Engineer: 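Before we start, here is the structure in question, set down as structure tokens.
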Amino acid sequence: MPTVLPRTFYDRDPALVAREMLGMLLLVDDADGTVHRARIVETEAYLGPHDPACHAVVGRTRRTEHLHGPPGRAYVYRIYGMHWCLNAVTLPDGVGSAVLIRAVEPIGILDALWRRRPAARRERDLSNGPGKLCAAYDITGAHDGTSLQRGPIRIARGTVITAANIAVSPRIGITRAADWPLRFFERGNPFVSATPGHFAVTPYTP
DNA sequence: CATTTGATGTTCT
DNA sequence: GAACATCAAATGC
């Protein structure tokens with residue numbers, strides 16, 4: 001099982017990275033010593049200070065410190081006072097841009113995930129949303145700024161998802177730049193979060 | 001099945 | 001004080 005962060009992360013357009021991250025593996029160390037594995041099936045790109053929906057628009061603040069840091073690290077922030085969201089930083093130090101990991105498909109034993117997601121009724125509800133997957137894998141602000149190559153959360157090569165199996169839509173839950181097609185997901189995968197009915201969904205064209 | 005609404009508290013103005 | 005890269009429960013078909 002590869003544990004090296006793919007080269008694709010370094011200094012690359014977050015929209016390309018977001019697409020290439022589909023099918024990659026998310027490896028998370030559990031406090032009990034086990035390692036959880038999951039396939040990334042949904043991502044969103046946040047392009048940088050010129051992207052009105054990106055947290056970098058307000059400049060470097062304490063919250064966005066690691067968003068503005070070097071690529072290949074995690075940017076984890078709290079949202080709505082209750083949930084955490086996990087991002088992978090992609091562009092060079094000083095440029096705040098990242099890919100939000102919105103949904104994963106768990107691999108292997110799910111006991112720990114069910115324990116941390118008591119509200120989940122179906123298997124897909126364990127991790128079909130950015131806040132849900134952070135709860136399921138116990139990803140918190142403690143992971144903010146950690147290396148995605150050598151830290152407690154790692155991203156590694158998995159199975160490549162071909163363009164024909166990828167769809168694109170606007171990003172979910174934002175109000176600015178609400179029509180930019182920067183959400184990428186694996187077609188038909190039940191672990192992908194719900195797409196609002198009025199969203200334009202298009203095939204992925206490289 | 002889809003859509004709406006209330007909870008929650010940090011961040012930035 | 002407003003906005004917020006969300007979630008779960010409740011409601012409408």
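So you know, we letter chains A, B, ... as the sequences are listed, proteins then strands, and number each from 1. Please read these numbers as outputs of a predicted model, since none were measured by experiment.
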Engineer: Given A:R183, which partner from the list A:L100, A:V168, A:T195 fulfils the side chain to side chain contact (heavy atoms under 4.5 Å, CB included) test?
Structural biologist: A:T195

Engineer: Decide yes or no, distance alone: a donor-acceptor N/O pair under 3.5 angstrom between the base of B:dA7 and the side-chain of A:Y80.
Structural biologist: no

Engineer: Across the strands shown, which category fits A:A119 at heavy-atom distances under 4.0 angstrom: base, sugar-phosphate, nothing?
Structural biologist: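 The answer is sugar-phosphate, as A:A119 gets under 4.0 Å only of primed atoms, P, OP1 or OP2.
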
Engineer: Could you walk me through whether A:T140 and A:V76 satisfy the side-chain contact (heavy atoms from CB on, under 4.5 Å) test, starting with their C-alpha distance in whole Å, then the side-chain angles of each, then the deciding distance to 0.1 Å, before giving a yes or no?
Structural biologist: CA-CA 7 Å; A:T140 70; A:V76 183; 5.8 Å; no

Engineer: Answer yes or no: is there an ion pair linking A:R150 with A:D29, defined by an N-O contact shorter than 4.0 Å?
Structural biologist: no

Engineer: CZ of A:R63 versus C1' of B:dC12: gap in Å, rounded?
Structural biologist: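 Checked: the CZ to C1' distance equals 8 Å.
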
Engineer: Between atom NE2 in A:H55 and atom P in C:dT6, what is the gap in whole Å?
Structural biologist: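 Taking NE2 of A:H55 and P of C:dT6, I get 9 Å after rounding.
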
Engineer: Picking from C:dC4, C:dA5, B:dT8, which would you name as closest to the side chain of A:C54?
Structural biologist: C:dA5

Engineer: In this structure, how many angstroms lie between the C1' atom of C:dA9 and the CZ atom of A:R122, rounded?
Structural biologist: 13 Å

Engineer: Checking all strands, does A:I174 fall into the base, sugar-phosphate, or nothing category for heavy-atom contacts under 4.0 angstrom?
Structural biologist: sugar-phosphate

Engineer: Quick check on side chain to side chain contact (heavy atoms under 4.5 Å, CB included): which of A:L47, A:T90, A:V17 does A:S97 satisfy it with?
Structural biologist: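 Among A:L47, A:T90, A:V17, the one that satisfies the side chain to side chain contact (heavy atoms under 4.5 Å, CB included) with A:S97 is A:T90.
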
Engineer: Grab the CH2-C1' distance between A:W84 and B:dT8 for me, whole Å please.
Structural biologist: 14 Å

Engineer: Compare the minimum distances between each of C:dT6, C:dA5, B:dC12 and the side chain of A:H83, then state the nucleotide with the smallest one.
Structural biologist: C:dT6

Engineer: What integer distance in Å separates A:L126:CG from C:dA8:P?
Structural biologist: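 In whole Å, C:dA8 P and A:L126 CG are 10 Å from each other.
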
Engineer: How many Å lie between CG on A:N87 and P on C:dC4, as a whole number?
Structural biologist: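 Atom CG in A:N87 sits about 17 Å away from atom P in C:dC4.
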
Engineer: Would you tell me if any nitrogen or oxygen in the side chain of A:T175 comes within less than 4.0 Å of OP1 or OP2 on C:dA3?
Structural biologist: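 For C:dA3, OP1/OP2 do not have a side-chain N/O of A:T175 under 4.0 Å.
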
Engineer: Has A:R117 got a side-chain N or O lying under 4.0 Å from the OP1 or OP2 atom of C:dA8?
Structural biologist: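 Result: yes.
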
Engineer: Between C:dT6 and A:R102, is there an OP1 or OP2 to side-chain N/O distance shorter than 4.0 Å?
Structural biologist: yes

Engineer: With the side chain of A:R176 defined as its heavy atoms from C-beta on, choose the nearest nucleotide among C:dA8, B:dC12, C:dC4.
Structural biologist: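 Nearest nucleotide to the side chain: C:dC4.
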
Engineer: Can you measure A:R121 atom CZ to B:dC1 atom P for me and round it to whole angstrom units?
Structural biologist: 14 Å

Engineer: Determine whether A:F191 and A:E123 make a side-chain contact, defined as any pair of heavy atoms from C-beta on separated by less than 4.5 Å.
Structural biologist: yes

Engineer: State, with a plain yes or no, whether a side-chain heavy atom of A:L113 is found less than 4.5 Å away from one of A:Y137.
Structural biologist: yes

Engineer: Are there runs of at least three consecutive Watson-Crick or G-U pairs touching DNA chain C, with each pair's two distances under 3.5 angstrom? Give them by first number.
Structural biologist: B:1-7 with C:6-12, B:9-12 with C:1-4

Engineer: Could you state the atom-to-atom distance from CZ of A:R124 to C1' of C:dA8 in whole Å?
Structural biologist: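 Between C1' of C:dA8 and CZ of A:R124: 15 Å.
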
Engineer: Here's a test for you: under side chain to side chain donor-acceptor pair (under 3.5 Å), which of A:E65, A:H55, A:H68 qualifies with A:Y75?
Structural biologist: A:H55

